[in-house]
Peer 1: 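So that we are looking at the same thing, I have put the structure below in structure tokens.
Letters go in sequence order (proteins before strands), and every chain restarts at 1.
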2 protein chains.
Amino acid sequence: MANIVTNIINPHISVDCVIFGFDDDNLNILLVDRTLKEKKTDHIIFNDFTLTGNHIYEKEDLNDAAHRILYDLTGLKNIYLEQFSVFAHPERLSKPNDKLWLINQGKDPESRIISVGYFALIATNNVTLEWKGRNVDWFPINKIKELAFDHNQILNSALKALQTKLLNEPIGFELLPEKFTLSQLQKVYEVILGTSLDKRNFRKKVSRMKYLIPLNEKQKGVAHKPAQLFVFSREIYEKTKRNVFDFSI
Amino acid sequence: MANIVTNIINPHISVDCVIFGFDDDNLNILLVDRTLKEKKTDHIIFNDFTLTGNHIYEKEDLNDAAHRILYDLTGLKNIYLEQFSVFAHPERLSKPNDKLWLINQGKDPESRIISVGYFALIATNNVTLEWKGRNVDWFPINKIKELAFDHNQILNSALKALQTKLLNEPIGFELLPEKFTLSQLQKVYEVILGTSLDKRNFRKKVSRMKYLIPLNEKQKGVAHKPAQLFVFSREIYEKTKRNVFDFSI
DNA sequence: ACACTTAGTGTAATAAAAACACTTTAGATA
DNA sequence: TATCTAAAGTGTTTTTATTACACTAAGTGT
């Protein structure tokens, strides 16, 4: 009996994606309503939302699995993806409701389920969600209440990872269209970091980032002074970025 | 045939620990020589080194598994541990040599092996390695050549994670005895970041860190001016640390 | 007493951060 | 076509952080 504890098992592995989007106002998350999926079970209604996840295939790398899951949901390839943590608590998905769901998915409800967490950044305006309005939609991050499973924990962990990443690398662009304004970029920083920034100081700071290229092109069709458009040059960024070894503490 | 690719399997999960230590000169890694372990196989000599790893038990959380693995090797508890990445390439451990090793370990050589990578920081002077000189020892990180499996890749990834962490949080102390000198701390930063730092500027910088508490106590028995000793106050750090939300970009 | 070794200290110049308010330019509207 | 509205764009001053740089102090060993 005692050695049951030291048994070795092969758990079930899946990938869960926290998909961040930005709509010029809010940081949003793509959530899936389980209700529709389980309609066939009739009397069981799982009336709550989950992140997007799926198991990995036998010969599939984790990054490939994450890209596949994103592609299936959004039709997009080459999305910015970052693995941030593993969720493997032995009691994960062992609540009665979760077990029902596992059975419903054709999975062994007694199997241990380990999830590798990824976060994705996508430019919302590139996406037309095939499933939108059915069971998939965007939700502002600060309006999200209780999610299924341990997905609130995964979401919080993803947000923290995103914040840290944003403070160390220029990834805000990934949430914006190819051409963007400095106000949009500032708002990205503000919604991710949950703070407000001074416009002049922000612009002074980004003007030092040589990989931010101003275009001879302006916003069109806005009822106010149109803003200049910028693009992010990955090439210049890669060329000029300071290696971690150059940092001084 | 085609759908074999989309088969779902339950891979084998293990935890690999990159154990960092510091001896006032070098950043060291604890490595295990597989040779001894496999002596019983007689004709097969695996003459190379690996990180410390093991499978997880059925009801064991990943962090607990990592702590257990460290405890078994060093006899230490409450070690600083940080999960940094998952290594799951489908062809991992599929070289002939690796398969032999898996068979030798009583594992299915066809099973997919996924490793969750942790790095540990330990104060070397606290450790008396039971296995030291037998098949476990410290190696300066810049002298490490070819390791078994994909452990060079895991090591590089761990080092990068450690560097990033060090630039964002005060964790250098974890590699030092409770009471340490500023020169020791500076050297920790230097060996981890692979750079050299100006002594006066370093001291100016750390003097701003309120959680670094000077003691009324000096080094003893050194053949030069003895240095003042400091301790790290986690309490003050937690109280005064700026939340990610306070950062300005 | 002298040699050796590492600890410990200050200043000036440059760069970055923070705080702060008004003018410009387009579309919308009357 | 004059006026309104809304966001874009811009500069200065103060404070704080970074960088570069060289000598004296305090112990042990001989």
Peer 1: In whole angstrom, what separates A/Arg208's CZ from D/dT18's P?
Peer 2: 13 Å
Peer 1: Let me have a per-nucleotide readout for nucleotides 6-12 of chain D, 5' to 3', with B, S or -, counting only protein heavy atoms under 4.0 Å.
Peer 2: BBBBBBB
Peer 1: Whole Å only: how far is the CD atom of B/Glu217 from the P atom of D/dG27?
Peer 2: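 Computing the B/Glu217:CD to D/dG27:P distance gives 15 Å.
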Peer 1: What are the two closest heavy atoms between A/Leu51 and A/Cys17, and how far apart are they?
Peer 2: CB-O, 3.7 Å
Peer 1: Does B/Glu174 use its side chain to pair, donor to acceptor, with the backbone of B/Ile171 at less than 3.5 Å?
Peer 2: no
Peer 1: Would you mind checking if A/Glu178 and A/Arg234 are paired as a salt bridge, meaning a charged N to carboxylate O distance below 4.0 Å?
Peer 2: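 Here A/Arg234 does not pair with A/Glu178 in a salt bridge, since their nearest N and O are not under 4.0 Å apart.
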Peer 1: Return the orientation label for the B/Phe180 and B/Phe173 ring planes: parallel under 30°, perpendicular over 60°, tilted otherwise.
Peer 2: tilted
Peer 1: Distance check, rounded to the nearest 0.5 Å: B/Ile122 atom CD1 versus B/Leu176 atom CG?
Peer 2: 12.5 Å
Peer 1: Any chance you could measure A/Leu167, atom CG, to A/Tyr189, atom OH, to the nearest 0.5 Å?
Peer 2: 8.0 Å
Peer 1: Tell me: CG of B/Leu197 to C1' of D/dT18, nearest whole Å?
Peer 2: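 Atom CG in B/Leu197 sits about 13 Å away from atom C1' in D/dT18.
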Peer 1: How many Å lie between CZ on B/Phe202 and C1' on C/dT6, as a whole number?
Peer 2: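 Rounded to whole Å, this separation is 16 Å.
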